[in-house]
Amino acid sequence: MEMMTEMDVRTSRLPGFYKLELAERVAVVAEWAGLSEQEAAVLAGGGLSPSQADLMIENALGTYALPLGVAANFLVNDRDYLIPMAVEEPSVLAAVSHAAKVIRAGGGFTAQASSPVMIGQIQVLDVPDVAAATATLMSHRHELLALADSCNPSITRRGGGARDIETRSFPDTPVGPMLVVHLLYDTRDAMGANAVNTAVETMAPRVSELTGGRVNLRILSNLTDRRTATARCTIPAAELAQPGIPGAEVVRLVAEANAFAVADPYRAATHNKGIMNGIDAVCIATGNDWRAIEAGAHAYAARDGRYRALTDWRVDDNGDLSGEITLPLAVGVVGGATKVHPTARVALKILGVESAGELAGVMACVGLAQNLAAIKALATHGIQKGHMRLHARQIALAAGAADGQVQSIADQLVAEGNIRVERARELLGN
Ligand code: MEV
């Protein structure tokens, strides 16, 4: 008999996982990811302590908790992943897990990330001759790169550091002509905000000397268009069939939904919000800066002057559904809160990613799957039925149901088709 390999055992297909009790789910994931008892205890509520919070921010009062779950079924570059996600919105995890299962039937995702190259910006004003200043900067490129590298030996030791200098000129601004110097800087496995900001601050006096101008801002750009990740998948039409809707029709409806979000910024904002439902939840779970990721994603979506969908879903030559997403994903697996927040540490262990690029690739897959789940539902039976079913538990909680009553009140609301706080209060006798 053929031996089962470790990869066979570590499938992210976990049928019935959602039906388990919370403690049983923790046990399954702990076993899957090889968590220690202590690490598993972190999931069960021992996350960030108030005293740790006090060391992280000013004026701390305590902590703010969010539900943490795992999405199942992800197969990325032939490897199985369980995806930790922290999010308060019902149906995000169920939807993304379902989409990942359908995508898995087509062979899963392929994902790749560019080199982790960030952009640091230096704003230079009052430059006497912009063309001459640009030429001077370029002729001092090596000196400037060495200066940028001098302030972060640990990143350069790990193979990262300054890569290039570029200039951009804005001749006509309300404050006069503006020269903007970009430092391209490889931050390896860190998000790298501090490294980039230190590098541009260090370079700034020399940039001022070389250009004869006055430096104002020195800060990274969150439009990290040199640090992107791409995910792709192809789903056989038959896998998309629904009761009463043939697979080929679902393929067409999804492609039409995508076209709506490419054509119309009003739709694109909602379409991309759905993508970020998934990506932000992984960012938060892994201690990454989700505001940076949000800023980068939406700026990138508007990069050609008009805001549009981050995804492309189309009918391929075989009549199957082919999807693709590319977006900036400046995330790290070292530095920031990733190693400080106990839950983020455990989440990264569950995810099992080795590098920032691998994390970015997986996050792009999550975004693509989350989007498929949303637009497939919207283009077929709508999202409200499934969503309200899950939302009913929050309604019961909001009406004051105790933990032991929540599910039965929620079931009653669903059965009555009346998922409202007032009705939940009535049922509770409040
Ligand atoms: C809700 O959080 C997200 C959706 O609105 C996304 C979409 O419309 O594509 C369902």
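Just the heavy atoms: all of them, side chains too, but no hydrogens, waters or symmetry mates, feed the values below. All ligand and atom numbering here is 1-based and tracks the order in the structure.
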To the nearest 0.5 angstrom, please state how far the CD atom of Glu239 sits from the CZ atom of Arg104. 12.0 Å

Tell me the closest heavy-atom pair linking Ala297 and Leu310, and the distance in Å. O-CD2, 3.8 Å

Hey, does the side chain of Ser12 reach the backbone of Phe74 with a donor-acceptor pair shorter than 3.5 angstrom? yes

For Gln52 and Ser49, test the side chains for any donor-to-acceptor distance below 3.5 angstrom and give the result as yes or no. yes

Anything with a heavy atom under 4.0 Å from ligand 1 counts, so go ahead and list those protein residues by chain and number. Glu89, Arg267, Thr270, His271, Lys273, Gly274, Asn277, Ala374, Leu378, Ile383

Surrounding CZ of Arg308 (heavy atoms of other residues, nucleotides or ligands, distance under 6.0 Å), is the total greater than 12? yes

When you compare the side chains of Arg423 and Asn418, does any donor N or O come within less than 3.5 Å of an acceptor on the partner? no

